[in-house]
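What follows is a set of notes on a single structure, which appears directly below.
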Amino acid sequence: MRIALLGAIFALVAWGFAANNQRQLDGIRQREALKDKTPAPHNITRLHDPANLLTPAQQRELEEFLNYFTARYGLAVSVYIADPAASEAGPQPGELLIFLDPEREKADLRAGNVFAKALGPEFIAELAQTHFPPYFQEKRWADGLAAALSKIEAHFK
């Protein structure tokens, strides 16, 4: 009887220890997720703006365009308003990743195979290197993003 009671107490303590450890790990993961500035994995969302630099209206319009583009052409464009260096995300074959960092005035476009063939490396480089800088300097990068998306769509028409 004493051995069974001792075994039950040991099992209860072990369960309590494991439950407490799991609760502590969950809390740490939640705190780290809030601090994390890297973009979400590209499969989760088409628009990732962790600092909410876009207005709700701009976000809504951009999401509508990204959904329209995917529905019309079967290709995905994902936009991240974040430091491009913070993510090593690579695009899927039918995906274009656009990283914009207005604070550092950086633009990075990463094209999957289908996008790379359709747009061409020169066009992608032109967008990143010459299209966005004037918009960054004038603090109109959201307008630059809209213009870039229009140029990309024009390539497919």
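Quick caveat: nothing in here was measured; it's all calculated off a predicted structure.
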Would you say the side chain of [Y] lies within less than 4.5 Å of the side chain of [X], judging by non-hydrogen atoms?
X	Y	result
Arg46	Asn67	yes
Asp101	Tyr80	no
Pro102	Leu53	yes

Sequence neighbours left out, what pairs pass salt bridge (charged side-chain N to carboxylate O under 4.0 Å, His left out) with at least one residue falling in residues 9-21?
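Listed by first then second residue: nothing to list.
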Of all pairs that satisfy side-chain hydrogen bond (donor to acceptor under 3.5 Å, both in side chains), the ones with a partner from residues 114-130, not counting sequence neighbours
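For residues 114-130: Glu126-Thr130.
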With [X], which residues qualify under side chain to side chain contact (heavy atoms under 4.5 Å, CB included), at least two apart?
X	value
Leu54	Leu47, Asp49, Gln58, Gln59, Leu62, Ile81, Trp141, Ala142
Asp143	Tyr135, Arg140
Ala128	Leu109
Ala14	none

Going through the distances and angles, do Asp108 and Arg110 end up as a salt bridge (Lys or Arg N to Asp or Glu O under 4.0 Å)?
CA-CA 7 Å; Asp108 184 21; Arg110 301 175 191 174; 2.8 Å; yes
Does Glu105 have any salt bridge (charged side-chain N to carboxylate O under 4.0 Å, His left out) partners at least two apart in sequence or in another chain, and if so, which?
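Salt bridge (charged side-chain N to carboxylate O under 4.0 Å, His left out) check on Glu105 returns Lys139.
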Taking atom CZ of Arg72 and atom CZ of Phe65, what is their separation to the nearest 0.5 Å?
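Answer for the CZ-CZ pair, Arg72 versus Phe65, is 10.0 Å.
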Nearest 0.5 Å please: distance from the CD atom of Glu63 over to the CZ atom of Arg60.
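One gets 9.0 Å once the value is rounded to the nearest 0.5 Å.
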Is the distance from the ring center of Phe156 to that of Phe115 below 6.0 Å?
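Yes, close enough.
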Just checking Ile3: does its CD1 atom have more than 12 heavy atoms from other residues, nucleotides or ligands closer to it than 6.0 angstrom?
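It does not: Ile3 CD1 has 12 such atoms or fewer within range.
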Donor-acceptor check, side chain of Thr70 to backbone of Leu75, threshold 3.5 angstrom: yes or no?
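Checking the backbone N and O of Leu75 against the side chain of Thr70, a donor-acceptor pair under 3.5 Å is found.
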Answer yes or no: is there a donor N or O on one side and an acceptor on the other, between the side chain of Asn20 and the main chain of Gly16, under 3.5 Å?
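Checked: no pair found.
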Below 3.5 Å, can you tabulate the donor-acceptor pairs from side chains in residues 146-154 to any protein atom, sequence neighbours excluded?
from, atom 1, to, atom 2, distance (Å)
Ser150, OG, Ala146, O, 3.1
Lys151, NZ, His131, ND1, 3.3
Glu153, OE2, Tyr68, OH, 2.7

Passes side-chain contact (heavy atoms from CB on, under 4.5 Å), Glu95 versus Leu97? Steps please.
CA-CA 7 Å; Glu95 183 177 37; Leu97 304 179; 3.6 Å; yes
Taking all non-hydrogen atoms of both residues into account, name the closest pair between Leu100 and Phe136 and its distance.
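Where Leu100 meets Phe136 most closely, the heavy atoms are CD2-CZ, 4.0 Å.
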Could you tell me which non-hydrogen atom of Ala111 sits nearest to which non-hydrogen atom of Ala116, and how far apart they are?
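Taking Ala111 first and Ala116 second, the nearest heavy atoms are CB-N, 3.8 Å.
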